[in-house]
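A short worksheet on the structure shown next.
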Amino acid sequence: MTPARTRLTSWLALLAGAVLALVFAKDSGEHADAARAIGWALLAALGVSLLLAVWGRRLVAVLELALAVGLGLLVLFGEGDRKLLLGVALAIVGAVLQLVMAHRWPTRADRFQRQGSAVQHPTSDLDVWKALDAGLDPTSDDFDGSLAGRETSPNKTQPRPVVGADQEDQQ
């Protein structure tokens, strides 16, 4: 299973578990408020896990797992609705997937990182000036650091005539 699919499966399982906890919490008798609070906490933890990197996701997954187990204990030993056990099971599956697979998921900052090999820029001031003399931009990503076959000597360029210099010499 690809990292994108495991991430989607985990988040959907957590979302379904939280929604089921919120929907069936009203039938949980005296523990309805606690079941509803756990459902909202699962939703909040899911939202936070969307923004975090690997270790943050793992920490949130442990919290989600603890919330799901707590809801399960509330249902089993309290007078909660047995339908909540489906939400508990989904939340546990989602939290375990997130805990185990979080290191394979891309972070939000990954899309801003450069892919492939690094570009070699000139290392000395002389190389920078040679690149500029050759008409290259030494700071661009297209510059490969090679000046082979390019004219870089300023002595080979033709001087520009000064406007008006001939008129002064004639007078």
Side-chain angles (χ1 to χ4, degrees), residues 1-124 127-128 131-132 136-147:
M1 193 180 273
T2 64
R5 287 190 181 184
T6 58
R7 181 178 57 201
L8 181 65
T9 304
S10 170
W11 290 341
L12 286 177
L14 283 166
L15 179 65
V19 168
L20 286 174
L22 289 171
V23 168
F24 294 123
K26 63 182 176 194
D27 299 331
S28 296
E30 67 183 50
H31 301 294
D33 290 336
R36 195 175 303 113
I38 290 174
W40 283 114
L42 281 170
L43 274 178
L46 172 63
V48 168
S49 72
L50 297 174
L51 303 173
L52 297 175
V54 176
W55 288 105
R57 286 183 190 147
R58 286 185 173 166
L59 183 65
V60 170
V62 169
L63 174 68
E64 291 164 344
L65 193 59
L67 287 169
V69 168
L71 182 61
L73 292 174
L74 185 72
V75 171
L76 290 176
F77 296 116
E79 47 184 67
D81 190 3
R82 299 288 179 195
K83 296 176 197 171
L84 275 172
L85 289 178
L86 177 60
V88 169
L90 286 171
I92 287 174
V93 166
V96 168
L97 266 175
Q98 184 173 333
L99 184 65
V100 173
M101 303 299 284
H103 69 282
R104 294 185 58 204
W105 298 350
T107 60
R108 294 179 56 89
D110 283 347
R111 65 181 155 177
F112 300 112
Q113 299 299 322
R114 191 175 284 198
Q115 301 294 326
S117 63
V119 176
Q120 293 185 359
H121 293 285
T123 55
S124 71
D127 290 338
V128 171
L132 289 172
L136 301 173
D137 181 5
T139 62
S140 76
D141 291 340
D142 298 331
F143 182 70
D144 62 358
S146 172
L147 297 173

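- The minimum heavy-atom distance between Leu42 and Ala91, with the atom names listed, is CD1-CB, 4.1 Å.
- Although no hydrogens or angles enter the test, the distance criterion places no donor-acceptor pair under 3.5 Å between the side chain of Gln98 and the main chain of Arg58.
- Nearest heavy-atom pair across Arg57 and Leu52 is NE-O, 3.1 Å.
- Contact of the Thr9 side chain with the Leu97 side chain is registered, since non-hydrogen atoms from C-beta on lie closer than 4.5 Å.
- With respect to Val60, the side-chain contact (heavy atoms from CB on, under 4.5 Å) criterion is satisfied by exactly one of Leu50, Val48, Leu14: Val48.
- Residues Leu90 and Ala16 approach most closely at CD1-CB, 3.7 Å, considering heavy atoms.
- Closest of all the heavy-atom pairs between Arg82 and Val75 is NH1-O, 3.6 Å.
- The NZ atom of Lys26 sits 14.0 Å away from atom CG of Asp33, with the distance rounded to the nearest 0.5 Å.
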Inset, instruction - Check the pair Leu63 / Leu59 against side-chain contact (heavy atoms from CB on, under 4.5 Å), numbers first and verdict last. - result: CA-CA 6 Å; Leu63 174 68; Leu59 183 65; over 6 Å; no
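- Summarising the geometry of Ala18 relative to Gly39, their closest heavy-atom pair is CB-O, 3.6 Å, with the distance given to 0.1 Å.
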Practice item. Would you check, one step at a time, whether the test side-chain contact (heavy atoms from CB on, under 4.5 Å) holds for Leu86 with Phe24? Key: CA-CA 10 Å; Leu86 177 60; Phe24 294 123; over 6 Å; no
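- Here the CE atom belonging to Met101 is positioned 4.5 Å from the OG1 atom belonging to Thr6, to the nearest 0.5 angstrom.
- To the nearest 0.5 Å, atom CG of residue Leu22 and atom CG of residue Leu43 are 5.5 Å apart.
- For Arg36 (side chain) and Ala25 (main-chain N/O), no donor-acceptor pair under 3.5 Å exists by modelled atom type.
- The distance from atom OG of Ser49 to atom CG of Leu99, rounded to the nearest 0.5 Å, is 12.0 Å.
- In this structure, Leu20 CG and Lys83 NZ are separated by 10.5 Å, a value rounded to the nearest 0.5 Å.
- Contact between Ala35 and Leu84 at its shortest, heavy atoms only, is CB-CD1, 4.3 Å.
- For the atom pair CG (Leu12) and CG (Leu46), the distance works out to 9.0 Å, reported to the nearest 0.5 Å.
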